[in-house]
Amino acid sequence: MAAALALACTATSALAGAKDESAAAWLFPKWFNEWHDGLAGKGLNFGATYIADNIANAAGGVKRGAIHFGRLDLSVDADLDRLVGWTGGRFYANAFVIYGQGLSRNYVQNLATISEIEALPDQRLYNAYFEQSFFNDRLNIRAGQQAADVEFFDSQTDDLFINGTFGWPAIKASNLPAGGPAPPIAVPGIRIKAALTDKIIAYGAVFNGDPSGPGGVDPQLRDHHGLAFRINDPPWVIAQVRFNYDIDIGGRPLAGNFTPGGWKHYGSFDSQRFTAEGMSIADSGGSGIPAKLKGNYGIFAVIEQVLYRPPEVTENSTSASLPGITTFGRIAYSPPDRNLIDLYMDGGIGFVGFTPGRPLDRFGVAMAYMRISNPARNLDVDTQAFTGIRSPVRSNETLIEMIYEAHIKPGWLIAPYFQYVFRPSGGVANPNDPSGVSRIGDAAVFGVTSTLRY
């Protein structure tokens, strides 16, 4: 995903030494870098990441065209131990400056956002949390405004890809109020991470269940500038356990991990087919207002496995930035009566160090599948029956992404990619077709993402 390119840059550059951790050496004057490094040495680190997306919809969708949009991420990371002598303490905050229009919203109208940085133009506070570690970092507690996408239902290999579903999966972004705590909206919450053994790590968190509150306008407008700080909505609870392991492949131990988990939301959710009176929402003789169903839940699992490491690589981890081949797979389920997507699956493979003369470059291919729930499909059938129009019946949205991530200079990545979206939004009617019979066409998308990190 696009935001993770900056994180991948940091991890990958570590292989080449500290001087390669950012674009500082060639992007800023020496005196500025010395001032910055001096503050960092005292525990106060300021960072900046600029991501620019240039994307074209070449076929399908609701219209063809090319766009440019971007995001500047400004952050402050305070090590309170070095700064004020507070052992194990840390404070982190970052803010987004977002500009331009998004391709999914305006050109494709699909569920899985083409670029993870797509959002309405805004200047927005994102994270602002305090973190405390105990027992030699075996227990870590984080409190404040934060997101769930970096740690929950995540693998390292999926960070290579640009589409937003490979970061925060569409089953959560579509089913949770306002998309849940993920870019571009974070919410107040408490997260606990505990290393139960050297191989088992447990995560648990409770977040405010509605990032932007009820209303008829876009959630990003309801939480303008990321300053809503809502704490009184029904909570959303999520937990997972990560099991790290090694398996022998070709006479060499290679790292892997398996992470099952689940979540529960304590709010109310709309029925996908029926009103409170038990009539179809499509029936003009009824209220047309979906019944409210109490609570929601989901279960999920992630698996990630190293398939190959060159003999010279001695580190045995699932890091997707080390030379070699890694693969991942994820699956999730939520009850169909109150969720648009009831089954989600994705998976992919990433390669590092296979381009001659370019040891840090990566490339990969991934696929994602989002099944529209049966009640939502049946509502489409009801709509046909009550209107007499042979409008489309949704089934699933499926996409494939291919990407090459080139390290141009320390801290500078350029990643050309291709995505093909089958049945955008599951196969809904094309708004450009007055008859309402044809669906939105499969979309072929070409893009280039550029990331600069200081």
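Since this is a predicted model, take the numbers as computed values, not measurements.
- The closest side-chain heavy-atom distance from Pro416 to Glu405 is not below 4.5 Å.
- For the atom pair CG of Leu340 and CD1 of Ile372, the computed distance is 4.5 Å after rounding to the nearest 0.5 Å.
- Of the possible donor and acceptor atoms, one in the side chain of Arg124 sits under 3.5 Å from a partner among the backbone N and O of Gln220.
- Judged purely by distance below 3.5 Å, without hydrogens or angles, the side chains of Thr398 and Asn396 pair a donor atom with an acceptor atom.
- Taking 4.0 Å as the cut-off between side-chain N and carboxylate O, Asp159 and Arg362 do not count as a salt-bridged pair.
- His68 and Asn54 share a donor-acceptor pair across their side chains, judged by distance under 3.5 Å alone.
- Note: Asp223 CG to Asp122 CG = 9.0 Å, rounded to the nearest 0.5 Å.
- Side chain of Glu401 to backbone of Asn163: a donor-acceptor contact under 3.5 angstrom is found.
- Looking only at distances, no side-chain donor or acceptor of Ser212 sits under 3.5 Å from a matching main-chain atom of Ala178.
- Pro335 and Tyr297 make their closest contact through CD-O, 3.2 Å (heavy atoms, listed as atom of the first residue, atom of the second, distance).
- Note that OG1 of Thr87 and CD of Gln132 are 8.0 Å apart. Values are rounded to the nearest 0.5 Å.
- Around CD1 of Ile408, the count of heavy atoms belonging to other residues, nucleotides or ligands within 6.0 Å exceeds 12.
- Residues Tyr129 and Tyr92 place their aromatic rings such that the two centres sit under 6.0 Å apart.
- When atom types are taken as modelled, the side chain of His225 and the backbone of Leu227 share no donor-acceptor pair closer than 3.5 angstrom.
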Q | side-chain hydrogen bond (donor to acceptor under 3.5 Å, both in side chains) between Tyr50 and Ser450, intermediate numbers included | A | CA-CA 8 Å; Tyr50 172 66; Ser450 182; over 6 Å; no

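- Asn127 places no side-chain N or O within 3.5 Å of a backbone atom of Ala93 that could act as its donor or acceptor partner.
- Side-chain contact check for Asn94 versus Val76: every heavy-atom pair is 4.5 Å or farther apart.
- Between Phe69 atom CZ and Leu120 atom CG the span is 12.0 Å, to the nearest 0.5 Å.
- Between Phe351 and Phe363, the ring planes lie parallel to each other; the angle is under 30°, not in the 30° to 60° tilted range.
- Looking only at atom types and distance, the side chain of Gln123 has no donor-acceptor partner in the side chain of Tyr99 under 3.5 Å away.
- Ring centroid separation for the pair Phe418 and Phe446 comes in under the 6.0 Å cut-off.
- Using a 3.5 Å distance cut-off with no hydrogens or angles, the side chains of Asp342 and Tyr333 do not pair a donor with an acceptor.
- Asn244 and Arg242 share a donor-acceptor pair across their side chains, judged by distance under 3.5 Å alone.
- Asp246 has a carboxylate O that lies under 4.0 Å from a charged side-chain N of Lys199, or vice versa, which qualifies the two as a salt bridge.
- Annotation: side chain of Pro253 is in contact with side chain of Asn316 (closest heavy-atom distance under 4.5 Å).
- In this structure a side-chain-to-backbone donor-acceptor pair under 3.5 Å is present from Ser271 to Arg273.
- Under a 3.5 Å cut-off, the side chain of Arg330 and the backbone N or O of Met345 do not form any donor-acceptor pair.
- For Thr326 and Thr157, the side-chain atoms include at least one donor-acceptor pair closer than 3.5 Å.
- With Arg309 contributing its side chain and Leu322 its backbone, the two residues share a donor-acceptor pair below 3.5 Å.
- Exactly one of Asp81, Asp77, Asp79 qualifies for a salt bridge (Lys or Arg N to Asp or Glu O under 4.0 Å) with Arg90. That residue is Asp77.
- Taking 4.5 Å as the limit, some side-chain heavy atom of Phe153 sits within range of a side-chain heavy atom of Pro169.
- A cation-pi arrangement is not found for Arg338 relative to Phe269, the charged atom failing to lie both closer than 6.0 Å to the ring centre and inside a 45° cone about the ring normal.
- Between the side chain of Trp26 and the backbone N or O of Pro410 there is at least one donor-acceptor pair closer than 3.5 Å.
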Q: Test side chain to side chain contact (heavy atoms under 4.5 Å, CB included) on Ile162 and Glu116 and set out the steps.
A: CA-CA 6 Å; Ile162 300 294; Glu116 195 225 17; over 6 Å; no

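- Residues Ile171 and Phe300 form no side-chain contact, since every pair of their non-hydrogen atoms from C-beta on lies 4.5 Å or further apart.
- Ile289 CD1: 12 or fewer foreign heavy atoms inside a 6.0 Å radius.
- With respect to the salt-bridge test (charged N to carboxylate O, under 4.0 angstrom), the residues Glu397 and Arg423 do not qualify.
- Tyr266 carries Lys264 over the face of its six-membered ring, with the cationic atom under 6.0 Å from the centre and within 45° of the normal.
- Remark: Asp248 CG is packed, more than 12 non-hydrogen atoms of other residues, nucleotides or ligands lying under 6.0 Å away.
- Here the CD atom belonging to Glu118 is positioned 7.5 Å from the CD1 atom belonging to Ile55, to the nearest 0.5 angstrom.
- With rounding to the nearest 0.5 angstrom, the CG atom of Asn110 is 6.0 Å from the OG atom of Ser425.
- Side-chain contact check for Glu34 and His36: no donor-acceptor pair (N or O, by modelled atom type) lies under 3.5 Å.
- Side-chain atoms of Ser133 and Asn140 include a donor-acceptor pair closer than 3.5 Å.
- In plain terms, the two heavy atoms of Thr449 and Ile51 that are nearest each other are CG2-CG2, 3.8 Å.
- In this structure, Phe28 and Tyr454 have perpendicular ring planes: the angle between them is above 60°, well past the 30° mark.
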Q: Check step by step if side chain to side chain contact (heavy atoms under 4.5 Å, CB included) holds for Arg230 and Val187.
A: CA-CA 7 Å; Arg230 298 181 63 85; Val187 301; over 6 Å; no

Q: Any chance you could lay out the side chain to side chain contact (heavy atoms under 4.5 Å, CB included) test for Leu44 and Leu83, step after step, and finish with the verdict?
A: CA-CA 7 Å; Leu44 191 61; Leu83 202 59; 4.2 Å; yes

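- A donor atom on one side chain and an acceptor atom on the other are not found under 3.5 Å apart for Asn175 and Asn296.
- A 4.5 Å side-chain heavy-atom check between Thr259 and Phe243 finds every atom pair outside the cut-off.
- No hydrogens or angles considered: a donor-acceptor pair under 3.5 Å links the side chains of Asp53 and Ser115.
- Proximity of Val306 to Thr327: side-chain heavy atoms (C-beta onward) are nowhere separated by under 4.5 Å.
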Q | Steps toward side-chain hydrogen bond (donor to acceptor under 3.5 Å, both in side chains) verdict (Tyr245, Asn257) | A | CA-CA 6 Å; Tyr245 61 83; Asn257 58 73; over 6 Å; no

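- The shortest distance between side-chain heavy atoms of Asp37 and Leu39 does not fall below 4.5 Å.
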Q: Go through the steps to decide whether Phe229 and Gln145 satisfy the test side chain to side chain contact (heavy atoms under 4.5 Å, CB included), and finish with yes or no.
A: CA-CA 7 Å; Phe229 300 122; Gln145 182 152 294; 3.2 Å; yes

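- Judged purely by atom type and a 3.5 angstrom limit, Arg222 uses its side chain to pair as donor or acceptor with the backbone of Gly213.
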